[in-house]
Amino acid sequence: MIKKYWWIMGLGIVFLLVLFWPKNKNKNIDEVETITVREDIYMPIEIMRPESVGWLKTENIELPVMIKMKAQKQVIDEKREAKIKESVGIDEENGFVDKVNNLVEYTEEIKGLNQLPKTGEWNIELFKERLQRMTESINGGGNLEIEWRGISYQKLLYPRWVEAGIEDAQSVEIRGDYVINGIRISTYYGESIVGIFNKAGKLIRLNVYLIPEISQDEGYEDLANIDVVSQSPARIYGIVDDAGLEKVGRVNVTQSKIVEIFDNERNLIRPYYWLEGNTYSDSSKQPVKVSLILKAEK
């Protein structure tokens with residue numbers, strides 16, 4: 001009787017061991033895909049961001065083969081600063097040379113309409129040539145390859161310049177960027193070169209970032225295509241042309257191109273998508289074109 005009891009008890013223990021023995025937890029469990037949220041540690045925090053972004057064109061583009069590059073800003077000593085000011089016509093009241101960001105700014109104060117003549121011609125090609133020569137002089141001489149980005153006509157509704165048709169325009173704004181190794185390079189704040197001329201061809205405003213000294217680094221950039229970057233959160237898009245809007249709501253992206261963005265203060269150069277898109281003005285409820293940049297690295 002006792003032997004039978006122990007035999008039954010032994011079977012019960014074996015049954016319990018089989019029932020509660022830990023199973024292989026990895027078996028028959030689906031793998032959970034980890035979703036990485038894209039971030040940008042380089043974008044300056046003060047740049048305006050859109051509230052949301054949608055892509056009207058999501059087809060992938062042919063990604064360029066981009067060698068990694070290093071940037072070193074040009075040195076501007078007192079002698080060179082004086083030379084830049086003399087070539088542009090900068091004094092204590094109309095401009096400055098920012099040696100931290102390697103930025104040259106000049107603005108002619110508009111005191112009367114005689115500074116904005118109605119006669120003359122909008123000789124855009126001549127204005128571009130003058131702007132090119134001035135940019136090359138600021139950069140220390142030599143031939144520079146520049147991609148001219150856009151032309152916009154304006155008129156003065158004091159104290160602001162507003163967009164105008166060519167017939168009513170009092171000034172024209174010309175924007176451009178440097179090109180190195182076939183790749184356009186720009187800044188976190190928009191095009192590297194901006195010049196504004198009146199109808200008589202007089203320069204009334206200039207904004208030029210000096211081109212950094214570029215050298216080759218090791219390896220190639222690991223770029224992400226549109227199917228990846230289009231999933232980016234709105235907070236890592238930077239608005240480089242806000243079209244005068246105080247805030248930007250939803251932007252619908254219509255065009256994309258990969259460029260290099262440089263920062264002289266941090267000796268930094270990184271690949272970005274340059275995006276063109278449309279949004280709406282809260283005041284006029286009219287569509288407005290804006291430009292954005294977005295990290296292109298994976």
Side-chain angles (χ1 to χ4, degrees), residues 32-69 147-152 163 173 175-192 194 220-263 268-298:
V32 177
E33 182 181 356
T34 302
I35 299 176
T36 303
V37 178
R38 305 186 78 236
E39 297 290 350
D40 187 347
I41 63 174
Y42 301 111
M43 182 87 71
I45 59 174
E46 68 271 16
I47 292 179
M48 185 190 298
R49 267 65 166 181
E51 292 180 359
S52 63
V53 179
W55 288 64
L56 298 184
K57 293 185 177 181
T58 55
E59 299 87 355
N60 286 329
I61 64 174
E62 183 177 352
L63 297 175
V65 177
M66 297 178 68
I67 298 171
K68 289 185 177 181
M69 295 191 292
E147 178 182 324
W148 298 112
R149 292 280 306 140
I151 308 296
S152 59
E163 189 174 347
E173 180 181 88
R175 294 174 177 262
D177 270 325
Y178 305 106
V179 177
I180 294 181
N181 298 328
I183 299 293
R184 179 176 139 229
I185 68 170
S186 194
T187 81
Y188 285 102
Y189 303 95
E191 284 88 351
S192 315
V194 179
Y220 295 86
E221 298 289 1
D222 191 10
L223 304 176
N225 222 319
I226 289 174
D227 56 352
V228 174
V229 300
S230 61
Q231 304 304 312
S232 302
R235 67 176 179 272
I236 75 167
Y237 289 81
I239 298 172
V240 292
D241 183 358
D242 59 17
L245 301 177
E246 293 185 1
K247 68 174 184 177
V248 175
R250 181 173 179 81
V251 177
N252 292 314
V253 174
T254 57
Q255 298 179 46
S256 62
K257 184 178 181 179
I258 291 181
V259 302
E260 294 272 16
I261 298 293
F262 71 90
D263 184 325
L268 176 73
I269 185 165
R270 308 301 310 165
Y272 277 79
Y273 276 87
W274 185 284
L275 308 171
E276 303 292 347
N278 299 314
T279 188
Y280 279 88
S281 167
D282 286 341
S283 57
S284 66
K285 304 301 179 183
Q286 296 296 315
V288 177
K289 293 181 179 179
V290 293
S291 302
L292 309 91
I293 54 175
L294 174 66
K295 167 185 171 181
E297 298 166 279
K298 287 185 178 178

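Excluded from the calculations below are hydrogen atoms, water molecules and symmetry mates; all remaining heavy atoms, backbone and side chain alike, are included.
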If you compare all heavy atoms of [X] against all heavy atoms of [Y], which two are closest, and at what distance to 0.1 Å?
| X | Y | result |
| --- | --- | --- |
| L223 | L63 | O-CD1, 3.8 Å |
| F262 | S192 | CE2-OG, 3.6 Å |
| G190 | T187 | O-OG1, 2.6 Å |
| L292 | V240 | N-CG2, 4.1 Å |
| V251 | T279 | CG2-CB, 4.2 Å |
| P50 | G249 | CB-O, 3.7 Å |

Taking the side chain as every heavy atom from C-beta outward, state whether [X] and [Y] have any atom pair closer than 4.5 Å.
| X | Y | result |
| --- | --- | --- |
| L275 | L294 | yes |
| I226 | I61 | yes |
| I180 | E260 | no |
| Y189 | P44 | yes |
| I261 | R270 | no |

Out of curiosity, [X] [atom1] to [Y] [atom2], how far, rounded to the nearest 0.5 Å?
| X | Y | atom1 | atom2 | value |
| --- | --- | --- | --- | --- |
| I239 | R49 | CD1 | CZ | 9.0 Å |
| E62 | N225 | CD | CG | 10.0 Å |
| I293 | I236 | CD1 | CD1 | 10.5 Å |
| W148 | R175 | CH2 | CZ | 12.5 Å |
| K247 | S281 | NZ | OG | 11.0 Å |

**OP:** Check the pair S256 / W55 against side chain to side chain contact (heavy atoms under 4.5 Å, CB included), numbers first and verdict last.
**Re:** CA-CA 10 Å; S256 62; W55 288 64; 4.2 Å; yes

**OP:** Before accepting this row, confirm whether a basic side-chain N of the pair K295/D40 lies closer than 4.0 Å to the acidic partner's carboxylate O.
**Re:** no

Subject >> Residues K257, E147: salt bridge by 4.0 Å N-O rule >> reply: yes

Subject >> More than 12 heavy atoms of other groups within 6.0 Å of E246 CD >> reply: no

Original post:
Does CG belonging to N181 count more than 12 external heavy atoms closer than 6.0 Å?
Top reply: no

Original post:
Is the gap between the ring centers of Y188 and Y272 under 6.0 Å?
Top reply: yes

Original post:
Out of R38, E39, E51, which residue meets the side chain to side chain contact (heavy atoms under 4.5 Å, CB included) rule with R235?
Top reply: E39

Original post:
Pick from L56, V229, V53: which one makes a side chain to side chain contact (heavy atoms under 4.5 Å, CB included) with V253?
Top reply: V53

**OP:** Take I45 and M43, measure what side chain to side chain contact (heavy atoms under 4.5 Å, CB included) needs, and give me the verdict at the end.
**Re:** CA-CA 6 Å; I45 59 174; M43 182 87 71; over 6 Å; no

Subject >> Lys/Arg cation over aromatic W274: R184, 6.0 Å, 45° cone >> reply: yes

**OP:** Determine, stepwise, if the pair Y42 / E297 fulfils side chain to side chain donor-acceptor pair (under 3.5 Å).
**Re:** CA-CA 12 Å; Y42 301 111; E297 298 166 279; 5.7 Å; no

**OP:** Please assess V65 against E221 for the test side chain to side chain contact (heavy atoms under 4.5 Å, CB included), listing each intermediate value before the final yes or no.
**Re:** CA-CA 8 Å; V65 177; E221 298 289 1; over 6 Å; no

Original post:
Between D242 (side chain) and G244 (backbone), is there a donor-acceptor pair under 3.5 Å?
Top reply: yes

Subject >> Step-by-step salt bridge (charged side-chain N to carboxylate O under 4.0 Å, His left out) determination, E276 to R149 >> reply: CA-CA 12 Å; E276 303 292 347; R149 292 280 306 140; 3.1 Å; yes

Subject >> Flag for Y273-Q255: side-chain donor and acceptor within less than 3.5 Å >> reply: no

